[in-house]
Amino acid sequence: MSRLDNIFQKDNVLIPFITAGDPNINMTYELIKVMEENGADIIELGIPFSDPVAEGVAVQEADLRALAAKTTTDSIFDMLEKLRKESDIPVVLLTYMNPIYVYGTKRFMERCAQVGVDGVMVPDVPYEEKGELEQECKENGVALISMISLTTKDRIGMIAKEASGYIYCISSIGELTDVEHVKQEINDMTCRVNEVNDIPVVVGFDGGNVKNAIEIAKVSAGLVLENAVVSLVGDYGMDAAIYVADLIKQIKQAI
């Protein structure tokens, strides 16, 4: 059983996202350990990119800070190799096809396997064009995480049938969203997924509203903190660890 499969044996999985190298790669290492100690179950780690078209302002700014700190793909892999000596927490990389292509797809996936990366998410690679990437993932034991949204309804079955690891449902659950409506949408999507694949569906959560987090946790296998931790790192920089610890602990206890 993979690390991801093992984690999803329990309910209410918490998955914080951070950008690697923001404010620097050493701090990223410390933040991962702090989040794990306070209840994080999986870490989604963004590889900084100069044109992150699928990200909001907070992540775009984090990418720029990380690039200014000279963060490279190799420095991220080196940090993860060090992390694996102390931690078994599953790690999923979020990146774009350009950094993978520049690094070399085969070499990138082999390096992922070497340092214990459990999955990758590549939002600019559509289902119809995932063939080469998916093959390299399979050969190296790395899950290619699929993404769906509230507008993907007609394609959910097709995407879910070949999905691995877990499925990431993008949502717009912030402070003011009609949570009951979104819960019904998520429940409907999960049912569609499970018609073709018994795979966990996690939901992206944009914000720190604990009440909303509790509600969404009721209808999903896990909760992804999309911007909340990134924003804290942006606000507090090298002093962010204590604030990140408090947030992770608060949401984990709540859900």
Side-chain angles (χ1 to χ4, degrees), residues 12-24 27-28 30-32 34-36 38-69 71 76 91-96 119-124 145 147-151 166-179 182 186 201-217 220 222-252 254-255:
N12 300 327
V13 170
L14 182 60
I15 313 173
F17 169 83
I18 58 171
T19 298
D22 178 29
N24 62 42
M27 188 62 180
T28 300
E30 296 302 327
L31 287 171
I32 292 173
V34 163
M35 290 189 289
E36 181 181 17
N38 285 278
D41 298 295
I42 299 170
I43 301 295
E44 282 188 5
L45 189 64
I47 295 180
F49 183 47
S50 58
D51 189 23
V53 294
E55 313 299 344
V57 174
V59 176
Q60 290 177 17
E61 292 177 348
D63 280 2
L64 293 176
R65 291 191 297 268
L67 292 171
T71 305
I76 296 168
V91 174
V92 172
L93 295 180
L94 189 149
T95 185
Y96 291 84
V120 296
M121 237 183 327
V122 190
D124 62 340
I145 307 299
M147 306 174 77
I148 61 176
S149 73
L150 299 180
T151 60
Y166 58 89
I167 289 181
Y168 183 3
C169 175
I170 305 164
S171 72
S172 57
I173 309 160
E175 304 297 323
L176 302 176
T177 301
D178 181 350
V179 177
V182 175
I186 292 167
V201 177
V202 306
V203 179
F205 177 73
D206 184 6
N209 186 313
V210 176
K211 181 179 178 181
N212 286 359
I214 293 170
E215 292 303 310
I216 298 307
S220 66
L223 198 64
V224 182
L225 300 183
E226 294 177 336
N227 288 335
V229 178
V230 174
S231 296
L232 287 175
V233 177
D235 289 341
Y236 297 104
M238 296 296 292
D239 298 320
I242 187 171
Y243 301 99
V244 171
D246 286 345
L247 175 67
I248 299 299
K249 185 184 297 183
Q250 181 185 25
I251 293 182
K252 183 63 176 181
I255 67 174

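This structure is a prediction, so every number in the text was calculated from the model and none was measured.
Between Val201 and Ser220, every side-chain heavy-atom pair lies at or beyond the 4.5 Å cut-off. Using a 4.5 Å heavy-atom cutoff, the side chains of Ile186 and Ile216 are in contact. Between Phe17 and Glu226 there is no side-chain heavy-atom pair separated by less than 4.5 Å. Inter-residue side-chain proximity for Val244 and Asn38 is flagged as unmet; no heavy-atom pair is nearer than 4.5 Å.
Closest of all the heavy-atom pairs between Val230 and Ala58 is CG1-O, 3.6 Å. Closest heavy-atom contact between Asn212 and Phe205: CB-CE1, 3.7 Å. Closest approach of Val233 to Asp22, counting heavy atoms only: CG1-O, 3.3 Å. Minimum interatomic distance between Ala213 and Ile255 (heavy atoms only, all atoms of both residues): O-CG2, 3.8 Å.
Among Val122, Ile43, Leu45, the one residue that satisfies the side-chain contact (heavy atoms from CB on, under 4.5 Å) test with Leu93 is Leu45.
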(Q) Apply side chain to side chain contact (heavy atoms under 4.5 Å, CB included) to residues Val182 and Glu215 and explain how you reach the verdict. (A) CA-CA 10 Å; Val182 175; Glu215 292 303 310; over 6 Å; no
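Summarising the geometry, atom CD belonging to Glu44 is positioned 11.0 Å from atom CD1 belonging to Ile18; distances are rounded to the nearest 0.5 Å. To the nearest 0.5 Å, atoms OH (Tyr236) and OH (Tyr243) are separated by 5.0 Å.
Remark: the backbone N or O of Ser50 is not paired with any side-chain donor or acceptor of Asp63 at under 3.5 angstrom. At distances below 3.5 Å, not a single donor-acceptor pair connects side-chain atoms of Thr95 with backbone N or O atoms of Ile47.
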